[in-house]
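Let me begin by presenting the structure, written as structure tokens, before commenting on it.
Letters A, B, ... are given to chains in the order of the sequence lines, protein chains preceding strands, and every chain is numbered from 1.
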There are 2 protein chains.
Amino acid sequence: MSVTIKDIAKLAGVSHTTVSRALNNSPLIQEETKERIRQIAKQMDYTPNYSAKSLVLDRSYNLGLFFTTLSKGTSAGFFYEAIRGVNSVIQDRYQLIVKGIDDYTSFQSITRKSFDGIIVVSQSDDDQSIIEHIAGKGIPLVVLNRPVSTAGVLNVLSDEEQGAFLASSYLIEQGHKRIALIEGRKGFKSAQNRKDGFERAMRHYGVTIPESYRLPGLYDLESGHHAMQQFLKLAKPPTAVFSCNDEMALGAIKAISEAGLQVPADISVVGFDDTVFAAYVTPALTTVRRPIEQISKEGAIRLLDNIENKHHETEQVLLKTELIVRESVKQLSI
Amino acid sequence: MSVTIKDIAKLAGVSHTTVSRALNNSPLIQEETKERIRQIAKQMDYTPNYSAKSLVLDRSYNLGLFFTTLSKGTSAGFFYEAIRGVNSVIQDRYQLIVKGIDDYTSFQSITRKSFDGIIVVSQSDDDQSIIEHIAGKGIPLVVLNRPVSTAGVLNVLSDEEQGAFLASSYLIEQGHKRIALIEGRKGFKSAQNRKDGFERAMRHYGVTIPESYRLPGLYDLESGHHAMQQFLKLAKPPTAVFSCNDEMALGAIKAISEAGLQVPADISVVGFDDTVFAAYVTPALTTVRRPIEQISKEGAIRLLDNIENKHHETEQVLLKTELIVRESVKQLSI
DNA sequence: AAGACTATTGTTAACGTGTGCATCATTGTG
DNA sequence: CACAATGATGCACACGTTAACAATAGTCTT
């Protein structure tokens, strides 16, 4: 059917071994022989059979890119940026295989033979089992986006505490003192980190926040909306709100406008994540950008390094987040 | 290293051929032998080596999902929905390999051996060359999202003319008569189709549109903004605008509010595509939804059918679009 | 009861590539 | 000039799987 090195060998009058060596640029073969063989290969439109290569070299040329889920929950922008980042690094050295972890009924098919390395973009603690399976099989692995401490696993994520600190500090620097916090979902690492950053900022600037200015959320529109309603009922409502993600911020904004108030004229709002729609809502949302694309790039680079140099580092890399100032915060005159 | 059928054979006291047959549930093998071998395989945690399988069966178990570009331009939501749709169909029968067409320096590596089938989500006429390469190699192929007439190629896309008709009709039915059109980018098939739908609606309802109510756009924010400014300068500005995509609609809305007018109170706007942000802008944008996920599902289903039944149909499937009514259109009292 | 047939299993080769070792020619050395 | 060293190439096997064909034992037919 398709042309093989044996076909080339016949035409060149050499053995297939020589062809194999020539095409792999082995120093054993004479330069002019190499060149002649390359010519013929090109002319015959030869492409190596990667299944055969894989079989003998014990490399699959596959890189897995696994998300917690493809079917529900994962935000499109997040997904897109992650793939983009990884893809920009691997070029054509590897094939990128995209999968949702929840599509696996069994991890049995995830083996050393079928993946040279795997990137898990983890959004949930439930991913722990697949992470351990992969690490257990000795497949080079990097986990993005969620802190993980399994041995032999690379871990790249953004410094969310610092991001929350940035956002909260910004509110204070704009003159706000009555600042409320809508927390993330209980049990999520990110929720804890973001809350920690908020509190560090308050301590750092000597601002004290009453207990009534703190409400738990679920990372969804609904819970942000509800929390904001509670804040508005207070005798002294906050002048600014730090919402632990953009989605809840949106819910909060809705609640504010339903109450006949305006953002940012009456109440300022800051979100977290810089979701795609953050720039498009009115007012455009001031928020914290996590460098997803950079995280995935960094992760891919280190993974390839681990694969090609056969060392398994256990390392955690924290990347800085960035405050994106838009229109949802008002500067208070003092 | 890892366990092979020969290892199982040794333990079971049979030949490796018998093991292969047993695990493939061949009718040649006695039922109890099969069961015994399955037991042993399970117990040894055996997983087939897919490289070896591929080599002998001449199937790669890979499905390519190619986008025009991953690095620039492709919208995140579009990208996400397409992957989701395809992924939901293939389950674990195939590996999904995601690539940007512009990442290829040469199509040489795209062969029958490395892909059992390919889905091209095409957004540009420039994709024609890869489409022809793939079709030329005899690889089962389906092209989504853009009309294509290469022989042997399946083609699934949405009926954009019908969508534009829907949107335009809606404006008329809400009482609008002075309706302007911001066209798509010249030379794009979608631009022509959407314009056609608009004009059919006008004819159908007997509404005549002056030449000054038609302006070309480039599918970007900027051009929508600019076109709207022109409309606003007219002696009799339109009461409604059909923008050939959401992005330009957003630009138009911006121009309207800059002019001190409100959407939809003063001017109504309809977009096209139902981009992710359409629901989040203020006012939420009434627009036409293309069933991307359904298109990619449908495409994947037909591709698999073609692969597994080894027939190459040349067929074009048009899927209906849907009008998503939100808040950007006002009902005019007559 | 002999031959034909069937059910089950084994033998061997094949897929396309890479590699250790053998082979051969050529050059260098004393 | 004989022999070692070097450079270039080929031979044969391996990787893990499937499949055509062979082999064996048991069953059926007449």
I'd like a list of close polar pairs between nucleotides 20-28 of chain D and the protein, N/O only, cut-off under 3.5 Å.
{"from": "D/dA20", "atom 1": "N6", "to": "B/R21", "atom 2": "NH2", "distance (Å)": "3.0"}

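The residues A/R289 and A/D273 are annotated as not salt-bridged, no charged nitrogen and carboxylate oxygen being separated by less than 4.0 angstrom. Under a 4.0 Å N-O distance rule, the pair B/D125/B/K189 does not qualify as a salt bridge.
Look at CD1 on B/I29: it is 12 Å from C1' on D/dA19, rounded to the nearest Å. Atom P of nucleotide D/dA8 and atom CD of A/E35 are separated by 16 Å, given to the nearest angstrom. For the pair B/D58 CG and D/dT17 P, the interatomic distance rounds to 18 Å; values are reported in whole Å. The CG atom of A/L23 sits 14 Å away from the P atom of D/dT9 (whole-angstrom rounding). The separation between A/L55 atom CG and D/dT17 atom P is 9 Å, rounded to whole Å. Atom CD in A/E32 sits about 14 Å away from atom C1' in D/dT9, given to the nearest Å.
With sequence neighbours excluded, the residues that form a salt bridge (charged side-chain N to carboxylate O under 4.0 Å, His left out) with A/D116 are A/R59. For A/D102, the salt bridge (charged side-chain N to carboxylate O under 4.0 Å, His left out) test picks out A/K72, with sequence neighbours left out. Scored by the side chain to side chain contact (heavy atoms under 4.5 Å, CB included) test, B/S190 finds B/E160, B/F188, B/R194, B/Y219 as partners (sequence neighbours excluded). Residues forming a salt bridge (charged side-chain N to carboxylate O under 4.0 Å, His left out) with B/E132 (at least two apart in sequence, or on another chain): none. Evaluation of the salt bridge (charged side-chain N to carboxylate O under 4.0 Å, His left out) rule for B/R21 yields no partner, not counting sequence neighbours. When the side chain to side chain contact (heavy atoms under 4.5 Å, CB included) test is applied to B/P48, the partners found at least two apart in sequence or on another chain are B/Y46, B/Y50, B/K53.
Listed by residue number, there are no residues of residues 38-53 of chain B with a heavy-atom contact under 4.0 Å to DNA chain C. For DNA chain D, the residues of residues 6-13 of chain B within the heavy-atom distance limit of 4.0 Å (strictly under) are B/K6, sorted by number.
Sorted by first and then second residue, the ring pair (Phe, Tyr, Trp, His ring centres under 6.0 Å) pairs with a member in residues 110-158 of chain A read A/F66-A/F115, A/F107-A/H133; sequence neighbours excluded.
Within the 4.0 angstrom heavy-atom criterion, base atoms lie near B/S15. As judged by a 4.0 angstrom heavy-atom cut-off over every strand, A/L57 is placed among residues touching the sugar-phosphate backbone only.
Distances were taken from every side-chain heavy atom of A/H16 (C-beta onward) to each of C/dC15, C/dT9, C/dT17; the shortest belongs to C/dT17. Of all nucleotides listed (C/dG16, D/dG16, D/dA8), C/dG16 comes nearest to the side chain of A/T4.
At least one side-chain nitrogen or oxygen of B/T18 sits closer than 4.0 Å to the OP1 or OP2 atom of C/dG10. For B/T33, a side-chain nitrogen or oxygen approaches OP1 or OP2 of C/dT9 to under 4.0 Å. For A/Q30 and D/dG7, the shortest distance from a side-chain N or O to OP1 or OP2 is not below 4.0 Å.
Mapping B/V56 and A/V56 onto DNA chain D by nearest heavy atom places A/V56 closer to the 5' end of the strand.
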>> Could you go through A/Q316 and A/S149, starting from their C-alpha distance and side-chain angles, then the distance that decides it, and tell me whether this counts as side-chain hydrogen bond (donor to acceptor under 3.5 Å, both in side chains)?
In response: CA-CA 8 Å; A/Q316 189 172 65; A/S149 58; over 6 Å; no

>> For a salt bridge (charged side-chain N to carboxylate O under 4.0 Å, His left out) check, start with the C-alpha distance between A/E81 and A/R84, then their side-chain angles and the critical distance, and finish with the verdict.
In response: CA-CA 5 Å; A/E81 287 197 54; A/R84 226 163 70 145; 5.7 Å; no

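Relative ring orientation between A/F78 and A/F67 is described as perpendicular, the plane-to-plane angle rising above 60° on a 0-90° scale split at 30° and 60°.
Judged by distance alone, the side chain of B/N309 and the main-chain N or O of B/N306 form no donor-acceptor pair under 3.5 Å.
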Hey, can you pull the donor-acceptor pairs under 3.5 Å for the side chains in residues 8-16 of chain A, sequence neighbours left out?
{"from": "A/S15", "atom 1": "OG", "to": "A/T17", "atom 2": "N", "distance (Å)": "3.4"}
{"from": "A/S15", "atom 1": "OG", "to": "A/T18", "atom 2": "N", "distance (Å)": "3.3"}
{"from": "A/S15", "atom 1": "OG", "to": "A/T18", "atom 2": "OG1", "distance (Å)": "3.3"}

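For the helix from C/dA1-D/dT30 to C/dG30-D/dC1, the terminal axes (five pairs an end, C1' atoms, rotation from four pairs onto the next four) enclose an angle of 50°, given to 10 degrees.
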